[in-house]
Amino acid sequence: MRLLTHNMLSCNIKGVTNGFPLRLEVEKFVEKEVEFNSDFLKNMFVKIEWKALVNAARSMGYEELPEEADSSMLDSDEFLKKFHHALLELHLEEGALICPETGRRFPVNKGIPNMLLHEDEV
């Protein structure tokens with residue numbers, strides 16, 4: 001699961017008001033090379049919750065993203081390459097996504113998050 005995907009997932013348990021961002025519990029992650037596309041990154045930047053991306057990347061040991069970012073940084077190739085790596089090349093293979101409000105764990109196996117809810121959670 002890419003961090004791009006993580007940045008768009010939230011806990012949908014009935015009654016949860018603070019289900020984003022899901023905390024990552026990392027057992028195994030991999031880095032997969034993806035073709036660099038600066039136009040894609042520039043378009044996605046406005047849709048990304050930056051703090052959630054930074055925290056997720058750090059949970060995988062990637063410390064290269066700045067604490068804060070703004071659109072003026074999109075002119076920097078160095079920034080775009082770091083953003084690209086975190087967003088598209090870091091993959092959570094095994095672990096869990098954890099709801100910040102309830103602590104409910106959603107397992108991630110072979111890169112696929114299981115976000116199915118139990119009957120009493122719908």
Side-chain angles (χ1 to χ4, degrees):
M1 178 188 71
R2 294 178 178 169
L3 295 187
L4 170 62
T5 304
H6 169 263
N7 204 271
M8 298 184 182
L9 292 175
S10 64
C11 180
N12 289 319
I13 295 174
K14 183 173 73 176
V16 168
T17 57
N18 182 27
F20 180 87
L22 296 166
R23 198 173 79 247
L24 289 183
E25 183 178 276
V26 181
E27 292 175 21
K28 177 184 175 188
F29 76 93
V30 295
E31 296 180 34
K32 298 179 184 178
E33 192 171 326
V34 174
E35 185 177 337
F36 182 80
N37 182 334
S38 62
D39 291 333
F40 174 78
L41 294 169
K42 290 174 182 177
N43 289 328
M44 285 307 298
F45 181 79
V46 297
K47 299 173 182 166
I48 296 297
E49 173 58 45
W50 188 258
K51 186 169 176 50
L53 176 64
V54 169
N55 289 338
R58 288 187 177 163
S59 71
M60 291 187 183
Y62 188 67
E63 304 279 337
E64 300 298 315
L65 295 177
E67 281 291 323
E68 308 224 349
D70 61 60
S71 59
S72 69
M73 299 170 88
L74 297 173
D75 294 328
S76 163
D77 284 342
E78 181 182 349
F79 171 77
L80 284 175
K81 286 178 183 173
K82 291 175 182 179
F83 179 40
H84 166 82
H85 183 69
L87 193 66
L88 299 172
E89 295 184 331
L90 295 177
H91 291 253
L92 178 64
E93 283 293 306
E94 303 292 332
L97 304 171
I98 303 169
C99 175
E101 185 174 319
T102 65
R104 165 78 146 78
R105 297 176 80 251
F106 297 96
V108 177
N109 295 307
K110 297 180 184 171
I112 302 169
N114 180 349
M115 300 294 292
L116 294 174
L117 300 177
H118 300 297
E119 193 173 306
D120 62 333
E121 296 173 323
V122 200

Visitor: Let me confirm one number: the CG-CG distance from L53 to N7, rounded to the nearest 0.5 Å.
Guide: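 Interatomic distance, L53 CG to N7 CG, rounded to 0.5 Å: 6.0 Å.
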
Visitor: Once rounded to the nearest 0.5 Å, what's the spacing between atom CG of N18 and atom OG1 of T102?
Guide: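 Reported to 0.5 Å precision, the distance equals 10.0 Å.
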
Visitor: Decide yes or no for L92 and H6: does some side-chain heavy atom of the first lie under 4.5 Å from some side-chain heavy atom of the second?
Guide: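 No, too far: nothing below the 4.5 Å cut-off.
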
Visitor: Has K28 got more than 12 heavy atoms of other residues, nucleotides or ligands less than 6.0 Å from its NZ?
Guide: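 Open.
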
Visitor: Would you say V30 ends up clustered with M1 if hydrophobic residues are merged whenever their side chains have heavy atoms under 4.5 Å apart, either directly or through other cluster members?
Guide: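 In one cluster: no.
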
Visitor: Partners of E35 by salt bridge (charged side-chain N to carboxylate O under 4.0 Å, His left out), sequence neighbours excluded?
Guide: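 Counting only residues at least two positions away or on another chain, E35 forms no salt bridge (charged side-chain N to carboxylate O under 4.0 Å, His left out).
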
Visitor: Specify the closest pair of heavy atoms between L87 and M44, including all atoms of both residues, with the distance to one decimal.
Guide: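 Taking L87 first and M44 second, the nearest heavy atoms are CD2-CB, 4.5 Å.
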
Visitor: Starting at CG of L4, measure out to CG of L90 and round the result to the nearest 0.5 Å.
Guide: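 Rounded to the nearest 0.5 Å, the CG-CG separation comes out at 12.0 Å.
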
Visitor: List in chain and number order the residues that pass side chain to side chain donor-acceptor pair (under 3.5 Å) with E31, two or more places apart in sequence or in another chain; answer none if no residue qualifies.
Guide: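 Side chain to side chain donor-acceptor pair (under 3.5 Å) check on E31 returns H85.
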
Visitor: Which heavy-atom pair separates G19 from C99 by the least distance, and what is that distance?
Guide: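 For G19 and C99, the tightest heavy-atom pair comes out as CA-SG, 4.5 Å.
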
Visitor: Hey, could you give me the OG1/CD1 distance between T5 and I112, rounded to the nearest 0.5 Å?
Guide: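 Interatomic distance, T5 OG1 to I112 CD1, rounded to 0.5 Å: 11.0 Å.
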
Visitor: Hey, are the side chains of N114 and N109 touching, using non-hydrogen atoms and a 4.5 Å cut-off?
Guide: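 No. Closest side-chain heavy atoms not under 4.5 Å.
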
Visitor: I'd like to check Y62 versus K82 (side-chain heavy atoms, cut-off strictly below 4.5 Å). Are they in contact?
Guide: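 Counting from C-beta outward, Y62 and K82 do come under 4.5 Å.
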
Visitor: Should L117 and I13 count as side-chain neighbours, where that means a heavy-atom distance under 4.5 Å?
Guide: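 L117 vs I13: side chains touch.
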
Visitor: For a quick test of reading the model, state the closest non-hydrogen atom pair linking V54 to P66 and the distance between them.
Guide: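 That would be CG2-O, 3.4 Å.
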
Visitor: Report the residues that fulfil salt bridge (charged side-chain N to carboxylate O under 4.0 Å, His left out) with K51, sequence neighbours left out, ordered by chain and then residue number.
Guide: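 With sequence neighbours excluded, K51 shows a salt bridge (charged side-chain N to carboxylate O under 4.0 Å, His left out) to no residue whatsoever.
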
Visitor: Which pairs count as salt bridge (charged side-chain N to carboxylate O under 4.0 Å, His left out) when at least one residue sits in residues 89-105, sequence neighbours excluded?
Guide: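 Passing the test, one end in residues 89-105: E25-R105, K32-E93, R104-E121.
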
Visitor: List for me each residue that meets ring-ring contact (aromatic ring centres under 6.0 Å, His included) alongside F20, sequence neighbours excluded, and say none if there are none.
Guide: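 F20 satisfies ring-ring contact (aromatic ring centres under 6.0 Å, His included) with no other residue.
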
Visitor: Does a side-chain heavy-atom distance below 4.5 Å link V34 with F40?
Guide: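 No. Closest side-chain heavy atoms not under 4.5 Å.
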
Visitor: Checking E68 now: which residues fulfil side chain to side chain contact (heavy atoms under 4.5 Å, CB included) with it, not counting sequence neighbours?
Guide: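 Applying side chain to side chain contact (heavy atoms under 4.5 Å, CB included) to E68 gives none.
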
Visitor: With sequence neighbours left out, write down each residue that passes ring-ring contact (aromatic ring centres under 6.0 Å, His included) with F45, or none if nothing qualifies.
Guide: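 With neighbours one apart ignored, the set is W50, F83.
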
Visitor: Does V122 belong to the same Ile/Leu/Val/Met/Phe/Trp/Tyr cluster as V16, with side-chain heavy atoms less than 4.5 Å apart forming each link?
Guide: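 Both belong to a single hydrophobic cluster.
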
Visitor: Indicate yes or no: at least one non-hydrogen side-chain atom of L88 is less than 4.5 angstrom from one of F36.
Guide: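 The answer is no, as the side chains (C-beta and beyond) never meet within the 4.5 Å cut-off.
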
Visitor: Looking at L80 and S38, what are the two nearest heavy atoms and their distance?
Guide: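 Closest approach of L80 to S38, heavy atoms only: CD1-CB, 3.9 Å.
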
Visitor: Provide the closest heavy-atom pair for V26 versus S59 in the form atom of the first, atom of the second, distance.
Guide: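 Here V26 and S59 meet closest at CG2-O, 3.7 Å.
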
Visitor: Sequence neighbours excluded, which residues qualify as side chain to side chain contact (heavy atoms under 4.5 Å, CB included) partners of M115?
Guide: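 Scan of M115 (side chain to side chain contact (heavy atoms under 4.5 Å, CB included), adjacent residues dropped) gives L22, L97, F106, P113.
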
Visitor: Mind checking salt bridge (charged side-chain N to carboxylate O under 4.0 Å, His left out) for E63 and listing every partner two or more places apart, or none if nothing turns up?
Guide: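 Once residues adjacent in sequence are excluded, the partners of E63 under the salt bridge (charged side-chain N to carboxylate O under 4.0 Å, His left out) criterion are R58.
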
Visitor: So, do L3 and L24 sit near enough that their side-chain heavy atoms are less than 4.5 Å apart?
Guide: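 Yes, close enough: below the 4.5 Å cut-off.
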
Visitor: Just to verify, what does S72 make a side chain to side chain donor-acceptor pair (under 3.5 Å) with, not counting sequence neighbours?
Guide: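 Partners of S72 by the side chain to side chain donor-acceptor pair (under 3.5 Å) criterion, ordered by chain and then number, come out as D70.
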
